[in-house]
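To start, the structure under review is shown below, and the notes come after it.
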Amino acid sequence: MLKNRKSIWINRAELNTEEMGRIATEHSLSYPFAAILAKRGITSEQTNGFLFGDVMFDPALLPDMEKGCQYLRLAAEKGEKVAIVNDYDVDGVTSGTIMKELLQFLGAEVYVFAPDRDIDGYGISIRLIDEAISHGCRTIVTTDNGISAAEQIAYAKQNGCVVVVTDHHEVPYTEKDGRKEYVYPPADAIINQKRPDSIYPFRDICGAMVAYKVAQFIFNQIRPKQGQMLLDRWSELAGIGTVCDVMPLVSENRSIVKKTIEKLRNGSSYIGLRQLLKVQNISPEKTSSYTIGYTIGPCINACSRMYGNVDLAMNLLSEKDFLKAEKIAQKLKATNDERKEMSTECENLAIKMCEENDQKIYLLYLPAQSPHIMGIVAGRIKELTGHPCICLTDTKDGILKGSGRSVEGYNMFAEMNKHKEYYTSLGGHESAVGISLKKENLDTVSFLLNRDMDGVSEELFDRKELIDLYIPMRNIIPQFVKNIDFMEPYGEGNPKIKLVTEESVITKLSRIGNGQYLRISLEEAGSGAEAAYFGNADQFDQQMSEAFGEDALKMAYRGAGNLPVDFIYTPTFNTWQGKTTIQYTINDYQCRRKHE
């Protein structure tokens, strides 16, 4: 079995009581909630803007924005054929759809050429360029890719094309004498906030947001009557791309995702998205960032993972007939269900390999698997073990292809870039990479990456839980729970609030959810509380038994328990049969010894 990943609870920050007081009194917020904001570095002056503000930076600050938009407008105004080359993930689908609808509105005849995972690999390819040219396109715009496609874009330029790159990924570079020398594709314009010469104030936007910014810039110039309506429509896709590409939900990302959630709750502008929620039995009014990341996103991603292309997902967003959209949504859901089964089988194989081979960074060769699920499996291993993981499998041309997922504190792209002579391709960023290499180089790369991690502290691999506040459940009041809702949307950069009680004793345990989960009755200084744990109930029992003994565990199941346990928990409202109570959801636990 894999060894349990150690969990370390860390106080997020020391509390500035003066700032807490200001936040509470100046904004009529509960003191516990004000303490959380203060510990997250939010001042009283920033509170209203963070909780309720609408941040949106000037698109003109993006490099090459004016030049790139001139090319696009010129082609569209002439009614020319324009090719869009997007990517095959959610960010690629959403950015490609925004750009397609924008250029069609401006008057261009638009063709979308998305890469096939099996034929083209990531991003723009020679084949796609040839296809675009064969359709009469002489202007090509990329979305969510292009920054690392110097060779392909040079080919397009040699064949007389105008190329506008819109991308958000890191600019490739080589190192010489300790300095980075950036390698740009020879495009006519490169709109990318991560260019080192960019003055855009926020680096962490996705490809769909870059496409949205292009639309904003053009509409700021021409100011069409339908401009705001269209921008509102496209904001949905920009927000979905932001969540699914795991961008930090702060600054303008937080603003755009809040708009997206509001629109999805009130009925999406895209009939296909409405039907995708419907076939998964999700009430629109309950949509959250979790819905986007774990129900909408996986279905859109599934078609390229299973079929190699994104045709079905693009069709979902363009379909205007409810019945046809529902059929597409049903097919996407079925495809994702099939992908889940395939992923589970592959994950089990990867887990077994990790059990047999303890490393600091796992490079797992998984033969005869789909290369399209390697990122999912790598992410799962990363979560289970706390170690960076790269999963690779065979392709038809004999090259190993896969994806990597990293942990906080390990810049996977930078570390792998040190040995790029061993790869046939490498792309990505700090927390995720896509990679291809020859099979004979696998062991060498594994050795080098693990050697480079010699001396790395074991704490890098621990699960670090940042605690917002240490507060007993008995001190939770309704105003505080209401205030917590203001923190939505949750996601990267804005995690769910985590509270800790250090005074609880388990008095009763009972199984719920077909025996998978637990209802936990607690006592704190004479006050009772009910909590639910949706983690692994068997593993919970095992740890209780190891800490307190089998007899003590049995007594807890009989309602006569006395198990001192600390909990990380989150309070929410729960309404049942017209009665609303505060419900406590357990996120993590640590056993206290009785003598403590």
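Every heavy atom of this structure was used, including side-chain atoms; hydrogens, water molecules and symmetry mates were not.
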Legend entry - Residue pair H169 / N192: nearest heavy atoms and the distance that separates them: O-ND2, 2.9 Å
Inset, instruction - Give the minimum heavy-atom separation between C161 and I140, together with the two atoms involved. - result: SG-CD1, 4.1 Å
Legend entry - Pair R233 + E236, salt bridge at N-O below 4.0 Å: no
Legend entry - Over all atoms of both residues, closest heavy-atom pair of D462 and K464: O-NZ, 3.0 Å
Legend entry - Any residue meeting side chain to side chain donor-acceptor pair (under 3.5 Å) with Y423, in chain and number order, not counting sequence neighbours: none
Legend entry - Check: F105 ring centroid to W234 ring centroid under 6.0 Å: no
Inset, instruction - Give a yes or no on whether a salt bridge exists between D468 and K39, defined as a side-chain N under 4.0 angstrom from a carboxylate O. - result: no
Legend entry - Check: D91 side chain, A208 main-chain N or O, donor-acceptor pair, under 3.5 Å: yes
Legend entry - D188/K157 ion pair, N-O < 4.0 Å: yes
Inset, instruction - Please report the shortest heavy-atom distance between Q193 and R203, naming the atom on each side. - result: NE2-O, 2.6 Å
Legend entry - Validation row, ring centre F113 to ring centre H135 under 6.0 Å: yes
Legend entry - Lys/Arg N to Asp/Glu carboxylate O, D64 vs R195, below 4.0 Å: yes
Legend entry - Residues that Y184 engages under ring pair (Phe, Tyr, Trp, His ring centres under 6.0 Å), provided they are two or more places apart: none
Legend entry - Ion pair D177/R179, N-O distance below 4.0 Å: no
Legend entry - Pairing of E45 and R22 as salt bridge, 4.0 angstrom limit: yes
Inset, instruction - Identify whether the distance between the nearest side-chain nitrogen and carboxylate oxygen of E131 and R127 falls below 4.0 Å. - result: yes
Can you list, pair by pair, the side-chain donor-acceptor contacts under 3.5 Å of residues 145-152, counting residues two or more places apart and other chains?
residue	atom	partner	partner atom	Å
N145	OD1	I124	N	3.0
N145	ND2	V85	O	3.0
N145	ND2	T143	O	2.9

Inset, instruction - Apply ring-ring contact (aromatic ring centres under 6.0 Å, His included) to the pair F486 and F50, showing each step before the final yes or no. - result: CA-CA 9 Å; F486 296 152; F50 175 77; over 10 Å; no
